[in-house]
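Everything numeric in this text was worked out from a predicted model, so none of it was measured.
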Amino acid sequence: MSRLSAVAILIMAAGWFAPPALAQDVHLGVKSCGSSGCHGQVASSSTSVLLNEYVTWQKYDSHATAYKVLLEPRSQRIAANLGLPNAHEAKICLDCHADNVAAEKRGPQFVLADGVGCEACHGAGSAPWMGLHIGGSPHEQNVANGLVPLEDPVVRAGICLDCHLGDEDQFATHRIMGAGHPRISFEMDSFTEFQPAHFVIDDDYKKRKKVVDGVRTWAIGQALMVDRLMTLILDTKYSTDGLFPELAFFDCHACHQPMSSSLPTDTGDFPTGWNPRPGTGLGPGVAKFNDADMLMLEIALDMADPGLADTMAQQILAMHKATQTSREAMLEAARGARETARKAVGILAGMEMNAKAMRGAMETIIQKGAEGYFADYATAEQATMALGSIIEAMRRAGYLESGSYDKLQAGMEPVYA
């Protein structure tokens, strides 16, 4: 690192780094991080930082190919269905498939086709943190000067959810999905694990950065998902679609299932095409609000604040009832759920995580599954990812022996299937 620091000082002294005229919110492009002297080494380094982060992103991370997806025939069909000239120039597509900052915020080496690059998550390279970072400054100093502290699950969730759910400027509506876009799904801990890590959590990392276990990451992610979901419902831009509610907020499989599964068989018996799900109070033929993340948040809160967990359970019922009552009732229910979710973030972030809490959460998920709470796909999906996160967190914390971990992993295989 001392060699790198010396090189960095020479570069900055020569004025080869960021021109002083650039504003602090200008994105310099991935090449500003990807040189062989910085994060572009082919093999990992023996220093405390791997220095091959750019190569890992470029070769293995789906974010690096996000823009290229827009050039594929499927994306062009989606754009045509939406009445757009193409996908690779449409703002609604670029906002999530690229680091789509305004033209005046693009540096000389910035390339939109690089997809979701370093600065989309870590912050603009023209900010003061970049020069300090190259010079080997402490992580806290970099953060104070503009580096985004992604090790903090609250911060990371906010960055991820902008695209993996949406915000006031971008949201995959039912019309977009109807045009062919995949269903939006997200769980922060699992999705973090799905992508190849460009860091190693070793003793040096723990000295420099906050380390949060997977269960807490999962729980905080669920709280912020509910917060963001309720905020979108309260946004007049997305709350309705003409005479209809915005159907992206509802369970896809409440409608998208074959009618034949509800018809009588030759013997006169009805197959199990529809069954009541506990905790909703809904009958057949009703579009069910997608409460998957609310249900996961209820389970997470049961570890830290059972009283608030009960409140969330009542608010889930209130949301389902409100969707069958009136627009005003739904907004009122959404405000209540959002307030609970925001309280939950701080509580879950400060939660003492131990073997008892983790096992309790796992047992609650299994119990609710046995009781039929996960009959719809979206909640089953979230429950499966939650179990995976809990099991992996228990292994890393030393709460599971290798034999027990192997048995649990084997048991999870058919659940994923």
Side-chain angles (χ1 to χ4, degrees), residues 153-154 157 186-190 212-230 251 276-282 288-321 333-376 378-397 399-400 404 408 411-412 415:
V154 177
F186 183 68
E187 191 277 290
M188 187 166 66
D189 185 64
S190 296
V212 179
D213 60 82
V215 178
R216 203 170 333 194
T217 299
W218 161 72
I220 291 169
Q222 293 297 332
L224 288 163
M225 279 281 288
V226 174
D227 180 357
R228 185 70 65 92
L229 183 63
M230 296 304 133
D251 172 25
R277 203 203 81 183
T280 66
L282 300 178
K288 183 182 76 66
F289 174 74
N290 183 3
D291 62 352
D293 297 296
M294 297 179 77
L295 188 55
M296 292 301 107
L297 178 55
E298 178 194 339
I299 294 169
L301 279 170
D302 199 47
M303 295 187 291
D305 190 327
L308 202 58
D310 291 340
T311 298
M312 178 52 61
Q314 292 303 312
Q315 287 169 336
I316 292 172
L317 278 170
M319 282 297 296
H320 289 301
K321 182 179 179 180
R335 290 188 193 97
R338 183 170 68 174
E339 181 181 351
T340 298
R342 289 180 175 178
K343 287 179 183 176
V345 173
I347 292 171
L348 295 170
M351 175 176 59
E352 180 183 353
M353 190 53 61
N354 51 39
K356 181 180 178 181
M358 293 184 186
R359 288 182 186 276
M362 182 164 60
E363 289 168 1
T364 300
I365 292 171
I366 293 169
Q367 179 183 346
K368 283 190 176 291
E371 293 172 356
Y373 276 82
F374 309 142
D376 56 275
T379 47
E381 178 185 48
Q382 287 294 330
T384 301
M385 290 191 287
L387 282 174
S389 294
I390 294 167
I391 291 168
E392 186 60 28
M394 291 180 75
R395 181 193 69 82
R396 291 178 178 177
Y399 298 147
L400 286 176
S404 299
L408 285 169
M412 285 296 295
V415 181

[Y]/[X] salt bridge by N-O under 4.0 Å criterion:
X    : Y    : result
R277 : D291 : yes
K343 : E339 : yes
E392 : R396 : yes

Under a 3.5 Å threshold, yes or no: a donor from one side chain and an acceptor from the other, between [X] and [Y]?
X    : Y    : answer
D189 : S389 : yes
Q367 : E363 : no
Q382 : Q222 : yes

* side chain to side chain contact (heavy atoms under 4.5 Å, CB included) between I299 and W218, worked out -> CA-CA 11 Å; I299 294 169; W218 161 72; 4.3 Å; yes
Non-hydrogen atoms of [X] and [Y] that approach each other most closely:
X    : Y    : result
M303 : A357 : SD-O, 3.3 Å
A300 : A219 : CB-CB, 3.7 Å
G281 : L317 : N-CD2, 4.3 Å
L301 : A344 : CD2-CB, 3.7 Å
I316 : G279 : CG2-O, 4.0 Å

Please round to the nearest 0.5 Å and tell me the distance separating atom [atom1] of [X] and atom [atom2] of [Y].
X    : Y    : atom1 : atom2 : result
L308 : E298 : CG    : CD    : 10.5 Å
T379 : L295 : OG1   : CG    : 6.5 Å
D376 : T280 : CG    : OG1   : 9.0 Å
N354 : R359 : CG    : CZ    : 11.0 Å
D213 : Y399 : CG    : OH    : 8.0 Å

* Chi angles and distances behind the side chain to side chain contact (heavy atoms under 4.5 Å, CB included) call for M412, I391 -> CA-CA 10 Å; M412 285 296 295; I391 291 168; 3.7 Å; yes
* Asked: Should we say atom NZ of K368 is surrounded by more than 12 heavy atoms from elsewhere, each under 6.0 Å from it?
  -> yes
* To do: Evaluate the criterion side chain to side chain contact (heavy atoms under 4.5 Å, CB included) for residue pair M296 and M385; output intermediate values, then yes/no.
  => CA-CA 10 Å; M296 292 301 107; M385 290 191 287; over 6 Å; no
* To do: With side chain to side chain contact (heavy atoms under 4.5 Å, CB included) as the test, would you mind laying out the steps for I220 and R216 before giving the verdict?
  => CA-CA 6 Å; I220 291 169; R216 203 170 333 194; 3.9 Å; yes
Quick check: do [X] and [Y] have side-chain heavy atoms less than 4.5 Å from each other?
X    : Y    : result
L282 : F289 : no
E381 : E187 : no
Q315 : M230 : no
L348 : L297 : yes

* Asked: Would you say the side-chain atoms of S404 pair up with the backbone N or O of L400, donor to acceptor, closer than 3.5 Å?
  -> no
